Amino acid sequence: MHVSLDEARSSFAALLASRLAAHELAPLAACYGRILAQDLSALVSHPSATDSALDGVACREADTLQASPDTPARLRLIGESRAGAAFPGAVSTGEAVRIYTGAPLPDGADAICPVEQLRDAGEGHTELLRPASPRDVRHAGSDFRAGEVVLRAGQLLTPQRVALAAALGHARLPVRPRLRVGLLSTGDEVVEPGERLQEGQVYNSNLYGLLGLVQQSGHETLMLGSAPDSPRALSQALERAGGADLLLTSGGVSMGRYDLVRDLLIEDGEVAFWKVRMRPGGPALCGSWRGTPLFGLPGNPVSALVVFEVLVRPALTGLPTRTVRLRAGENFRALPDKTAFWRGVLREGAVVEYPKQASSVLRSLSESDVLVIVPEGQPVRAGEEVEVMLS
Ligand SMILES: Nc1nc2c(c(=O)[nH]1)N[C@H]1C(S)=C(S)[C@@H](COP(=O)(O)OP(=O)(O)OC[C@H]3O[C@@H](n4cnc5c(N)ncnc54)[C@H](O)[C@@H]3O)O[C@H]1N2
Ligand code: MOO
């Protein structure tokens, strides 16, 4: 019986839940691509003191309101404020302090005039050619305040967010555990790239798609090679994954005599679901083998990678699939009982269909820009908006 996309996602997530529940502390430099496990608050405020956004002078705005090249505001220079060496005194009417970007604003000053708008007036004075601006004062805590939650549990740690975490004052971050994911390709016909290909054989492209996708999702991979179509060879290959948190297989989940992965689960584990209301990827299989969660991806190369994006990645990252809406540049057909994920190409601000949609055409993923999501029985007309995933 075919399950819905939501049922498939929650069923797989439930199988992984206990393994993903823990968290560990990782140094910042090891956090790229990992998932934050707890909310993160700022340990300090930024800026830590009210400071200047420009190199120039700090003064009182009221002294400079009429300043122009013809009627410059003449101010007496009384000192300097540098990052790390604040001016110790206060600025009074008619006075200015030289200041540099990021240096603390002296007491009494409320505005900045940049160096490009200054003219030397001799005798320890400077002339402002335009009014000093309070907008170039950066107030303490205006970016974030100590104690404020700035990053949220579940966020993917991109380089930008790791940089922000460093700015918040954290040296180590609570991250979700890395699962060890065993990857196994199945099929007598599957051959490693670099070897000689006989007629009827196919190179093991699925492995090289899945390897990268698992790593991109923040987890470790364990290469189990490929297994021929025999129950014994299959279980021997999976045994090599001792200690894996998840087994990811490709091929052998459809209706053929040699589609053996499901039999393996029936005999030595449990089937959580088999067949999902989606295309490509209908025959996806999920369950556990000897207590280890197993996801059986279909062998067709497009199906394997699309099922990963739609069903596997959300569970591995804990993040929902990110979609955007685009204008359809042509009609997209719907399937009566399956959500379709058609490969789409961006053209003139709209999305059109990639010409070859067969699940065996791996080029369709390489040459398309998005996966167009067409819900069951709801065709999309040209000009309407359609939801897409980046592929
Ligand atoms: N009678 C039916 N036949 C099929 C059905 C069906 O419902 N009834 N479903 C079709 C669909 S949809 C898909 S998808 C495939 C899935 O089949 P399997 O998961 O059993 O995969 P295989 O039969 O082993 O291989 C399918 C195809 O993919 C190539 N392949 C396999 N492994 C790799 C790999 N590691 N790298 C690259 N390519 C691979 C394989 O050579 C086949 O061409 O079943 C349909 N059939
Ligand atoms: O849906 Mo299969 O997964 O199209 O070839």
Side-chain angles (χ1 to χ4, degrees), residues 27-29 31-32 36 38-152 155 157-174:
L28 285 172
C31 286
Y32 305 110
L36 195 60
Q38 294 174 343
D39 288 353
L40 216 58
S41 46
L43 301 179
V44 294
S45 297
H46 186 261
S48 54
T50 296
D51 67 14
S52 172
L54 298 171
D55 299 325
V57 293
C59 57
R60 295 178 172 227
E61 183 190 19
D63 289 345
T64 68
L65 292 173
Q66 308 304 324
S68 75
D70 296 334
T71 59
R74 185 179 153 86
L75 300 177
R76 190 162 71 86
L77 286 166
I78 58 166
E80 178 176 87
S81 177
R82 279 184 288 139
F87 177 71
V91 174
S92 306
T93 296
E95 294 177 340
V97 162
R98 282 197 197 285
I99 197 162
Y100 303 95
T101 305
L105 190 77
D107 287 344
D110 60 7
I112 303 291
C113 185
V115 71
E116 296 88 331
Q117 301 296 330
L118 298 179
R119 194 159 61 198
D120 185 14
E123 298 165 6
H125 284 72
T126 186
E127 285 180 347
L128 281 62
L129 308 182
R130 71 149 165 81
S133 171
R135 280 200 305 275
D136 293 322
V137 171
R138 304 189 298 200
H139 291 278
S142 54
D143 186 359
F144 51 78
R145 291 185 178 283
E148 185 182 342
V149 172
V150 178
L151 287 163
R152 298 267 170 202
Q155 282 183 316
L157 289 166
T158 58
Q160 293 82 353
R161 289 183 178 142
V162 174
L164 179 56
L168 301 180
H170 297 273
R172 299 195 301 162
L173 306 182

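On a predicted model such as this, the values are computed, not experimentally measured, just so you know.
- Formation of a donor-acceptor pair under 3.5 Å by the D143 side chain with backbone atoms of P47 is not found in this model.
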Side-chain donor-acceptor distances from residues 70-89 under 3.5 Å, at least two apart:
{"from": "T71", "atom 1": "OG1", "to": "Q66", "atom 2": "O", "distance (Å)": "3.0"}
{"from": "T71", "atom 1": "OG1", "to": "S68", "atom 2": "OG", "distance (Å)": "2.8"}
{"from": "R76", "atom 1": "NH2", "to": "E95", "atom 2": "OE2", "distance (Å)": "3.1"}
{"from": "E80", "atom 1": "OE1", "to": "R82", "atom 2": "NE", "distance (Å)": "3.2"}
{"from": "E80", "atom 1": "OE2", "to": "Y100", "atom 2": "OH", "distance (Å)": "3.1"}
{"from": "S81", "atom 1": "OG", "to": "P104", "atom 2": "O", "distance (Å)": "2.7"}

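- Between the D63 side chain and the G94 main chain, a donor and an acceptor come within less than 3.5 Å of each other.
- Within the 4.5 Å cutoff, no side-chain heavy atoms of V150 are placed close to those of L40.
- Side-chain atoms of E148 come within 3.5 Å of backbone N or O of R145 as a donor-acceptor pair.
- With a 4.5 Å cut-off on side-chain heavy atoms, L168 and L43 do not count as touching.
- Looking at heavy atoms from C-beta onward, T64 lies in side-chain contact with C59 at the 4.5 angstrom threshold.
- Residues I99 and D55 fail the side-chain proximity criterion, which asks for heavy atoms closer than 4.5 Å.
- Put simply, the side chain of H170 never gets that close to the backbone of L164: no donor and acceptor are under 3.5 Å apart.
- Atoms CG and CG, on L105 and D136 in that order, are 11.0 Å from each other to the nearest 0.5 Å.
- Around atom CZ of R98, no more than 12 heavy atoms belonging to other residues, nucleotides or ligands sit under 6.0 Å away.
- Taking R152 as the reference, D39 meet the salt bridge (Lys or Arg N to Asp or Glu O under 4.0 Å) condition, with sequence neighbours excluded.
- Looking at heavy atoms from C-beta onward, V137 lies in side-chain contact with I112 at the 4.5 angstrom threshold.
- Side chain of D110 to main chain of E61: a donor-acceptor pair is present (N/O by atom type, distance under 3.5 Å, no hydrogens or angles).
- Residue D51 holds its CG atom at 10.0 Å from NE2 of H139, rounded to the nearest 0.5 Å.
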